[in-house]
Amino acid sequence: MEERYQAKAIERKWQRVWEETKAFRVTEDVSKPKYYVLEMFPYPSGRIHMGHVRVYAIGDVLARFKRMRGYNVLHPMGWDAFGLPAENAAIERGIHPAKWTMENIGYMRDQLKKMGISYDWDREIATSEPEYYRWEQLIFLRMLERGLAYRKRSTVNWCPSCQTVLANEQVEGGRCWRCESEVTKRDIDGWFFKITAYADELLDWCDRLTGWPERVITMQKNWIGRSEGAEFDLPVVGRPELKIRVYTTRPDTVFGMTYAVLAPEHPLVDQLVTAPGERTEVERFRAEVLKESEQERVAEDRPKRGRRLSARAVNPFTGVEIPLFLADYVLMIYGTGAIMAVPGEDQRDWDFAKTHGLDIIETVKRPPNWNGEAYTGDGIKINSGFLDGLTVAEARRRAIHWLVEHGLGEAKVNYRLRDWGISRQRYWGAPIPVLYCDACGMVPEKEENLPVVLPRDVQISGKGGSPLASHPAFISAPCPRCGGKARRETDTMDTFVESSWYFLRYCSPHFTGGMVEPTAGAYWMPVDQYIGGIEHAVLHLLYARFYTKVLRDLGFVKVDEPFNALLSQGMVVKDGAKMSKSKGNVVSDDVIRDKYGADTGRLFELFAGPPEKDLEWSDQGVEGAYRFLTRLWRFTFQHREALVAVRSDVAQNELPADFRNLYRLIHKTIKKVTEDVEGRFHFNTAIAAIMELFNALSASVQNESRPESGTAVIKAGLETIITLLYPFAPHIASELWECLDHKTSLDGVSWPKYSAEALEEEQLLIVVQVNGKVRGKITVPADMSQKQIETEALAEPRVSLFLDGKKIEKIVHVPGRLVNIVAEG
RNA sequence: GCCCGGAUGGUGGAAUUGGUAGACACACGGGACUUAAAAUCCCGAGGACCCGGAAGGGUCCGUGCCGGUUCGAGUCCGGCUCCGGGCACCA
């Protein structure tokens, strides 16, 4: 054993051992409980840095901890290898995306190995390999069969910089989630996954995902945005052939409908515009509204613009004629694209009615002192014909009932969630396995012809559409139906499709008979603990849930949900910003490893705060973690000979008092660390407890005249520290374990157990309060009666001083903790 | 605007069910070692005030603000302020 802590050499040594013995390889083993822990796999964008390391360190603590606890742990790693940055690198630097991606993977794999993350590297996957995406293509075909994948022309989000379509989830505040360019609209043909068919199930299961953070669940619920209401028809005056269908969540307010509004792009508008000269005016209004970007149209505080039509409709409940408007505040994409307006009970309608001088009818009795504008609260119905006197909830039911009875409408549930647009007009992605035949139209590729391999020999310019379109060998293929000439689809799939099922592939990554080998899938799924950033709350995490349900319905998996529990780790922040290459505030893992070692880097990130919170990078904090490991090393080095000479098993009650206390602390620490890691993921307090035990050990070793049994307790303490530290700093722990003459590696050692007996205190420190303020502390034997403790408490000099001349009213006694004497006078 | 978090020393954070607020660490100050520095080791420390020659001892205040419940509140309840995040003309 070297006197100095040589982190680099030690880490190299143990990484080689793990690599050569394939220490973390697992197979299905029904004799053990399984534990599948997974960190969101990375996009191989270049290099990882200390901002990325955090999530892997967290996952590794759990993986190593659970192995020691006797679980059969699946902890795999792979690469989300398709994506735009690879293509951009190709455009900018002339490197093929495949080459660029594979080089990055090679480098990043090496970095993860150097951090000592305990992956089963035999299960490594890259989603850009045909062996991977062929199964995705197969699922696509099956989804197509069931109508879960479909093609349509629609208005979609378009990123002008990425030159591709984006799904709704990938637009954040009107900007592209990846490059932050402002997103525009385009009418384009594209492929969609019918996620809306699962809206209800996705929503219902939210409440069963008890292992997920509340905020992620809330974000998903809001994103799905279920609302219950009614849909019904408004007759158009003098036009019996026309009906305007409207959607409302407040069918109870129909008697307050004083006008109705259509979205400017509503398809009925053309037929409603009949008055002379009206068409030109309406066209002008439409053009004015539609030329604005989505951003401008929804900007805050802007007045609602509208245009009155000559046509009028009828409120079917009252028979009263009402005016019709086009207005920018009604959106074609939600509901029916038309609304009944109730300015009394809807603020938007209220604003519009005020600017256009329209009638306002209140249909809910206002609370006393109400001086607001539109009232959206609960109350008793007024001015509402047959609904008068009812509550809002009851009136809703009655109004819907009335609509059904008269054949005008029905109850209707709407969602904010829209189908997932998966077409990408880019090269570096999984080909969509369909063809277009002049004779047969769109034809799916035959399953036996899969995979449709993405060709490598393409010219990537970034201009003029997908390079696949100008690749003759790819694009022209025989029609799977008639054998005639057909053209392949050149759109590729959104890379979020690959990440929607990769966790399944890890169960049997080399299986050639399907996406997952059924036994392996049944054994490992679902993921027990998933770990990743909050930024995927409505992206990847929603898609993966949807895809899992589809796979279940297609018979590929048995689970309803992919991830049992989710840990959303916070960002690593430096100088007030998320650590990232573009911000220029990255701390290189190479530099940290070179200066301190991987263990120090890991320990710092785990110690600086709980995993769900953001973590402020601190160079001094890293120093502190390093100092602790160095002290531990030196301690072991200095006392090694003495410790190796004794056995570490001791009889607690034969020890001198201070060593009995140390022995008790060892067991308390085991309990604390176990509970912190297992139940709460509070690795920071777990590490703090280990440090405390070490501080106590350092103090105890000063006692030169200790008996041999005392040395044995110190040895037991040190071994406990090493074992408890292993999940956090595995290299130094493994090395120190070996230094203490252990012949077998720490990798196979069980997590220590505490004994309840050892935890029992002999003495209790009781806080004595007078009227809730601490006035003294007494130490009493653990078996002292409550009565006696109270007598002792009253006798405590400072306590009696405070009680002098006062009348004791009662004594509150919390056993083992405190005595509070309530006195007056 | 709506929804969800959060606010504790100079700093990161701890206090798990209402029971000693500030664990553990960083930074800082003092000391030891050293020609010196680094490293290391030891000691100190929430704030204000008081007693004492000193070592020491004491009182009050203190977890964003105001109020409440309780023997007792960082923790529970009501009302605010500020910060962060999500959604946002979704009818």
Side-chain angles (χ1 to χ4, degrees), chain A residues 172-173 213-223 225-227 229 246-250 253 260-261 263 297-302 304-305 327-331 333-342 345-349 351-352 376 414-418 534-535 537-538 604 607-610 612-625 627-628 630-631 634 672 675-676 679-680 682 684-695 698 765-777 798 801 809-824:
Chain A
E172 296 174 347
E214 191 63 41
R215 59 178 173 153
V216 176
I217 292 293
T218 309
M219 281 162 77
Q220 292 215 350
K221 281 183 178 172
N222 290 344
W223 189 262
R226 182 190 154 99
S227 71
V246 295
Y247 174 70
T248 180
T249 53
R250 290 290 304 274
T253 63
V261 190
R297 201 169 154 185
V298 301
E300 243 179 300
D301 290 338
R302 59 164 304 149
K304 296 177 180 15
R305 289 176 310 166
D328 58 356
Y329 78 100
V330 173
L331 309 174
I333 50 172
Y334 188 76
T336 59
I339 60 158
M340 65 168 203
V342 183
E345 275 90 33
D346 183 288
Q347 188 60 40
R348 294 157 300 185
D349 297 344
D351 293 340
F352 190 81
T376 54
N414 256 320
Y415 300 90
R416 221 187 66 107
L417 182 70
R418 248 134 308 121
I534 187 76
E535 65 272 17
V538 285
F604 163 70
F607 176 63
E612 67 276 8
K613 281 190 71 168
D614 283 353
L615 164 70
E616 178 77 35
W617 182 266
S618 154
D619 289 330
Q620 287 102 330
V622 179
E623 290 274 357
R627 214 171 296 156
F628 170 70
T630 308
R631 288 212 320 267
R634 206 179 315 120
K672 165 101 181 127
E675 288 171 357
D676 280 356
R680 311 199 301 159
H682 278 204
N684 54 332
T685 51
I687 294 166
I690 296 171
M691 289 173 167
E692 275 181 84
L693 177 58
F694 179 67
N695 291 344
S698 302
L765 179 72
I766 305 291
V767 171
V768 186
Q769 298 182 332
V770 177
N771 292 332
K773 288 196 166 145
V774 180
R775 296 303 180 189
K777 290 164 195 179
R798 293 216 323 120
L801 195 74
E809 296 196 323
K810 68 169 169 176
I811 295 175
V812 180
H813 194 152
V814 183
R817 277 194 178 271
L818 66 77
V819 174
N820 186 13
I821 300 154
V822 184
E824 209 189 335

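Reminder, nothing fancy here: chain letters follow the sequence lines and each chain counts from 1.
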Next on the checklist: Rounding to an integer number of angstrom, what distance separates B:rC41 and B:rG47 when you compare their P atoms?
Outcome noted: 26 Å
Checklist entry - CD of A:Q769 versus C1' of B:rA73: gap in Å, rounded? => result 12 Å
Next on the checklist: Testing the basics here: between A:T685 and A:D676, what is the closest heavy-atom pair and its distance to 0.1 Å?
Outcome noted: OG1-OD2, 2.7 Å
Item to check | Presence of donor-acceptor pair under 3.5 Å, side chain of A:K773 and base of B:rU59 | outcome: no
Next on the checklist: Taking Watson-Crick (N1-N3 plus N6-O4 or O6-N4) and G-U wobble (N1-O2, O6-N3), each under 3.5 Å, can you produce the dot-bracket string of RNA chain B? Use [ ] for crossing pairs and | for inter-strand ones.
Outcome noted: (((((((..(((......[....))).(((((.......))))).((((((....))))))..(((((..]....))))))))))))....
Item to check | Value in whole Å for how far the C1' atom of B:rA23 lies from CE of A:M691 | outcome: 12 Å
Checklist entry - Nearest to the side chain of A:N820 - B:rC41, B:rG72, B:rU16? => result B:rG72
Item to check | Set of salt bridge (Lys or Arg N to Asp or Glu O under 4.0 Å) partners for A:R226, sequence neighbours left out | outcome: A:D200, A:E228
Checklist entry - Between B:rG86 atom C1' and A:I217 atom CD1, what is the distance in whole Å? => result 14 Å
Next on the checklist: As a test of reading the structure: which of B:rU20, B:rG12, B:rA27 is closest to the side chain of A:A608, going by heavy atoms?
Outcome noted: B:rG12
Item to check | Distance between C1' atoms of B:rC65 and B:rG10 (Å, rounded) | outcome: 23 Å
Item to check | Residues A:Y415, A:S227; criterion side-chain hydrogen bond (donor to acceptor under 3.5 Å, both in side chains); working and verdict | outcome: CA-CA 6 Å; A:Y415 300 90; A:S227 71; over 6 Å; no
Checklist entry - Can you tell me how far CZ of A:R775 sits from CG of A:N820, rounded to the nearest 0.5 angstrom? => result 11.0 Å
Item to check | Out of B:rC60, B:rC87, B:rU40, whichever nucleotide has its closest atom nearest the side chain of A:R775 | outcome: B:rC60
Next on the checklist: Using whole Å, what does the distance between atom C1' of nucleotide B:rC71 and atom CG of A:L818 come to?
Outcome noted: 10 Å
Checklist entry - Side chain of A:E692: nearest nucleotide among B:rC24, B:rC4, B:rA91? => result B:rC24
Checklist entry - For A:E172 and B:rG85, what is the distance between atoms CD and C1' respectively, to the nearest whole Å? => result 12 Å
Item to check | Closest to the A:Y329 side chain, choosing from B:rG19, B:rA25, B:rC89 | outcome: B:rC89
Next on the checklist: Using a 6.0 Å distance limit plus a 45 degree cone around the ring axis, check whether A:K304 lies over the aromatic ring of A:F352.
Outcome noted: no
Next on the checklist: For the C1' atoms, the ones on B:rA25 and on B:rG19, what distance do you get once it is rounded to whole angstrom?
Outcome noted: 26 Å
Checklist entry - Using the P atom in both, what is the distance from B:rG46 to B:rA39, to the nearest Å? => result 25 Å
Next on the checklist: If the glycosidic angle sits within 90 degrees of zero it is syn, else anti. Tell me which applies to B:rG9.
Outcome noted: syn
Item to check | Spacing of the C1' atoms in B:rG74 and B:rG22 (rounded, Å) | outcome: 11 Å
Item to check | Per A:P610 side chain, nearest of listed nucleotides B:rU16, B:rA14, B:rC71 | outcome: B:rA14
Item to check | Interatomic distance where CZ belongs to A:R418 and C1' belongs to B:rA88 [whole Å] | outcome: 13 Å
Checklist entry - In whole Å, what is the span from the CD1 atom of A:I821 to the P atom of B:rG72? => result 15 Å
Next on the checklist: Closest approach to the side chain of A:R416, judged atom by atom: which nucleotide of B:rG19, B:rG12, B:rA88 is it?
Outcome noted: B:rA88
Checklist entry - How is A:V822 classified with respect to the nucleic acid when contacts are heavy atoms under 4.0 Å: base, sugar-phosphate, or nothing? => result sugar-phosphate
Checklist entry - Whole-Å distance between B:rA88 P and A:D328 CG? => result 17 Å
Next on the checklist: With a sphere of 6.0 Å drawn around CZ of A:R680, does it hold more than 12 non-hydrogen atoms of other residues, nucleotides or ligands?
Outcome noted: yes
Checklist entry - Would you say the base of B:rC89 and the side-chain of A:K304 have a donor-acceptor pair closer than 3.5 Å? => result yes
Checklist entry - Is there a side-chain polar atom (N or O) of A:R817 under 4.0 Å from OP1 or OP2 of B:rU17? => result no
Next on the checklist: Suppose you measure atom C1' in B:rG86 against the same atom in B:rG68; what distance do you get, rounded to whole Å?
Outcome noted: 33 Å
Checklist entry - Which one, B:rU40, B:rU20, B:rC3, comes nearest to the side chain of A:V774? => result B:rU20
Checklist entry - Of all residues at least two apart in sequence or in a different chain, which pass the ring pair (Phe, Tyr, Trp, His ring centres under 6.0 Å) check with A:F694? => result A:F628, A:F635
Next on the checklist: Please report the distance separating the C1' of B:rC76 from the corresponding atom of B:rU63, rounded so that it comes out in whole Å.
Outcome noted: 16 Å
Checklist entry - If only side-chain N and O atoms of A:N684 are considered, is one of them under 4.0 Å from the OP1 or OP2 phosphate oxygen of B:rA23? => result no
Item to check | Same-atom distance (P) from B:rC50 to B:rG44, integer angstrom | outcome: 25 Å
Next on the checklist: Quick check for you: among B:rC71, B:rU16, B:rC41, whose closest atom lies nearest to any side-chain atom of A:R680?
Outcome noted: B:rU16
Checklist entry - With no angle test and no hydrogens, is the base of B:rG1 tied to the side chain of A:Q347 by a donor-acceptor pair under 3.5 Å? => result no
Next on the checklist: On the nucleotide B:rG57, are OP1 or OP2 found under 4.0 Å from the side-chain N or O atoms that A:R798 carries?
Outcome noted: no
